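Accompanying notes for the structure given below.
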Amino acid sequence: MCSRDPLLLSNPEVADGSMAAESSEPADLKAQAEDSEDSDSSEDNSGASKMDFLRNLFSRTLGIGTPEKVLDELSLESVSRFMLSEKCKNVICMVGAGISTSAGIPDFRSPGSGLYSNLQKYNLPYPEAIFQIGYFKENPEPFFALARELFPGQFKPTICHYFMRLLKEKGLLLRCYSQNIDTLERVAGLTSEDLVEAHGTFHSSHCVGAFCSAEYSLSWMKEKIFSDLIPKCEKCNNLVKPDIVFFGERLPSRFFSAVKSDFPKVDLLIVMGTSLQVQPFASLVSKVSSKTPRLLINKELTGQGDSFLSVLGLGGGMDFDSEKAYRDVAWLGDCDDGCLALADFLGWKAELEELVKKEHAAIDAAAEAANKKESKPGNSSNEESSAANTSDDKANN
């Protein structure tokens with residue numbers, strides 16, 4: 001589902017899903033809570049913004065006054081008009097595994113097709129164990145076997161990824177907050193500066209040794225995984241783990257610092273392909289000003305928890321269809337289709353389709369060239385020069 005999380009290769013969204021997460025989705029709530037407390041001041045947009053939110057919340061809940069109109073109507077077309085206006089200069093995208101499913105990366109929670117529904121072959125005590133840091137240290141084999149199937153470089157970015165690339169090229173993208181660990185945002189052309197990889201990434205790896213923490217590259221990890229070796233530190237012989245956030249680990253510090261600086265500036269929040277079930281990522285929908293429109297592009301409605309909980313930093317509070325709804329818009333369906341529909345209203349559809357066609361052709365051409373090079377007499381087969389590595393190189397930008 002769009003709202004599910006593709007592999008948290010995309011991090012065990014494991015927080016919502018893309019390979020390790022939404023593939024990525026981990027993160028022990030207690031540790032996250034500590035992180036949230038440490039960054040309370042950074043997560044609260046500002047005193048003025050919080051007071052503005054409270055005034056708006058109580059006026060809507062108690063029926064006192066009418067919320068200030070943010071969109072001329074609650075529709076995708078209205079969102080597009082807002083994006084083309086002078087009022088919209090900074091767009092934040094929050095994405096989960098659902099934006100990568102069309103690339104062939106499973107989300108985590110979809111019944112039957114989701115990652116957690118198809119782990120029987122690993123003989124786990126329970127599905128989430130594959131992304132539990134304690135279990136990993138004792139039994140790393142299941143995770144690395146799965147990582148081989150989902151490793152970055154085997155998949156091409158989707159229309160959703162390239163839509164965010166267009167936002168960047170048009171000067172509208174302030175930041176992409178991703179639960180995914182599949183690195184497809186990078187392959188599509190977003191840089192480290194454009195991204196907050198909330199649940200980590202396969203882009204780099206570190207030794208789990210408490211007194212070592214040696215860093216290793218994507219290519220180093222790839223060589224080990226595809227050689228059927230358990231990656232061990234060359235300095236201390238401890239396990240080496242990709243920098244994806246497992247259950248029981250804290251989110252990257254950049255997540256909290258970026259939230260503090262970004263969310264007071266945002267003019268439009270676009271949420272795509274996530275079930276908004278994992279904290280603290282899910283709470284970000286409540287960090288924007290009460291005057292900021294929020295667009296959900298997903299297979300199903302989500303983020304509609306008790307609006308009062310957002311005051312406590314617990315996320316939710318989106319209101320799509322009540323009598324008091326005034327700024328939240330939901331487009332339900334496939335995430336790629338939603339991005340194409342929005343691009344159509346913006347007048348960008350042909351440009352988006354051409355970008356996808358051009359980029360996919362370049363990836364295919366590079367893969368073909370790499371395969372020909374490998375097949376030449378005298379050339380030894382090398383994973384580093386395989387088709388997937390072309391994507392790796394782009395992801396390193």
Side-chain angles (χ1 to χ4, degrees), residues 1-25 91-103 105-109 152 155 157-168 172-192 194-201 244-245 251-252 255 258-259 262-263 266 268-278 280-285 287-288 294-300 302-303 315 318 330-331 333-340 342-343 352 395:
M1 273 186 167
C2 250
S3 65
R4 303 299 182 188
D5 322 321
L7 216 190
L8 253 187
L9 225 186
S10 269
N11 180 127
E13 192 200 1
V14 180
D16 211 22
S18 233
M19 179 186 157
E22 220 199 307
S23 158
S24 315
E25 160 189 320
V91 176
I92 285 179
C93 293
M94 289 174 57
V95 302
I99 73 166
S100 294
T101 52
S102 64
I105 301 174
D107 64 30
F108 280 74
R109 300 184 178 85
F155 308 95
T158 68
I159 290 171
C160 291
H161 293 99
Y162 288 115
F163 178 77
M164 292 189 289
R165 159 89 171 267
L166 269 190
L167 287 176
K168 173 185 175 177
L172 289 173
L173 183 67
L174 174 60
R175 207 85 61 204
C176 169
Y177 284 71
S178 177
Q179 292 174 292
N180 299 333
I181 58 170
D182 52 26
T183 74
L184 290 182
E185 294 92 355
R186 291 173 181 263
V187 177
L190 301 190
T191 66
S192 297
D194 301 319
L195 287 166
V196 173
E197 292 161 316
H199 296 152
T201 177
I244 59 176
V245 180
L251 269 64
F255 173 83
V259 167
D262 287 346
F263 277 73
V266 63
L268 172 66
L269 181 67
I270 300 178
V271 181
M272 300 189 287
T274 172
S275 56
L276 292 178
Q277 293 185 16
V278 178
F281 188 89
S283 69
L284 296 186
V285 297
K287 301 300 179 186
V288 301
R294 300 179 294 192
L295 169 64
L296 174 71
I297 297 177
N298 214 42
K299 281 280 183 70
E300 60 189 22
T302 189
M318 298 179 82
W331 190 97
D334 180 82
C335 291
D336 286 345
D337 290 343
C339 285
L340 280 173
L342 179 55
L352 176 58

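Worth saying up front: this structure is predicted, and the values here are computed from it rather than measured.
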Query raised in the report: Quick one: does Asn180's side chain have a donor or acceptor within less than 3.5 Å of a partner on Gly96's backbone?
Result: yes
How long is the span from the [atom1] atom in [X] to the [atom2] atom in [Y], to the nearest 0.5 Å?
X: Ile244; Y: Asp182; atom1: CD1; atom2: CG; answer: 11.0 Å
X: Tyr162; Y: Asp336; atom1: OH; atom2: CG; answer: 11.5 Å
X: Phe155; Y: Leu184; atom1: CZ; atom2: CG; answer: 8.0 Å
X: Trp331; Y: Met272; atom1: CH2; atom2: CE; answer: 12.0 Å
X: Ile159; Y: Leu340; atom1: CD1; atom2: CG; answer: 4.0 Å
X: Leu295; Y: Ile270; atom1: CG; atom2: CD1; answer: 5.5 Å

How close do [X] and [Y] get, heavy atom to heavy atom, and via which atoms?
X: Tyr177; Y: Phe281; result: O-CZ, 3.5 Å
X: Thr158; Y: Ser100; result: CG2-CA, 4.2 Å
X: Gly98; Y: Thr101; result: O-OG1, 3.3 Å
X: Thr183; Y: Thr201; result: CG2-OG1, 3.6 Å
X: Cys160; Y: Cys339; result: SG-SG, 3.7 Å

Taking C-beta and beyond as the side chain, do [X] and [Y] meet within less than 4.5 Å on heavy atoms?
X: Glu185; Y: Pro157; value: no
X: Pro280; Y: Leu251; value: yes
X: Leu268; Y: Leu172; value: no

Requested in this report: Test side-chain contact (heavy atoms from CB on, under 4.5 Å) on Lys299 and Cys335 and set out the steps.
Outcome: CA-CA 7 Å; Lys299 281 280 183 70; Cys335 291; 6.0 Å; no
Query - Candidate list Leu190, Val196, Leu167, test side-chain contact (heavy atoms from CB on, under 4.5 Å), partner Cys176, passing option - result: Leu190
**Report entry** Intermediate values then yes/no, side-chain contact (heavy atoms from CB on, under 4.5 Å), Thr191 and Lys168
**Finding:** CA-CA 10 Å; Thr191 66; Lys168 173 185 175 177; 3.5 Å; yes
Report task. Apply side chain to side chain contact (heavy atoms under 4.5 Å, CB included) to Val271 and list each qualifying residue two or more places apart in sequence or on a separate chain. Result -> Met94, Leu269, Thr274, Leu276, Val285, Leu296
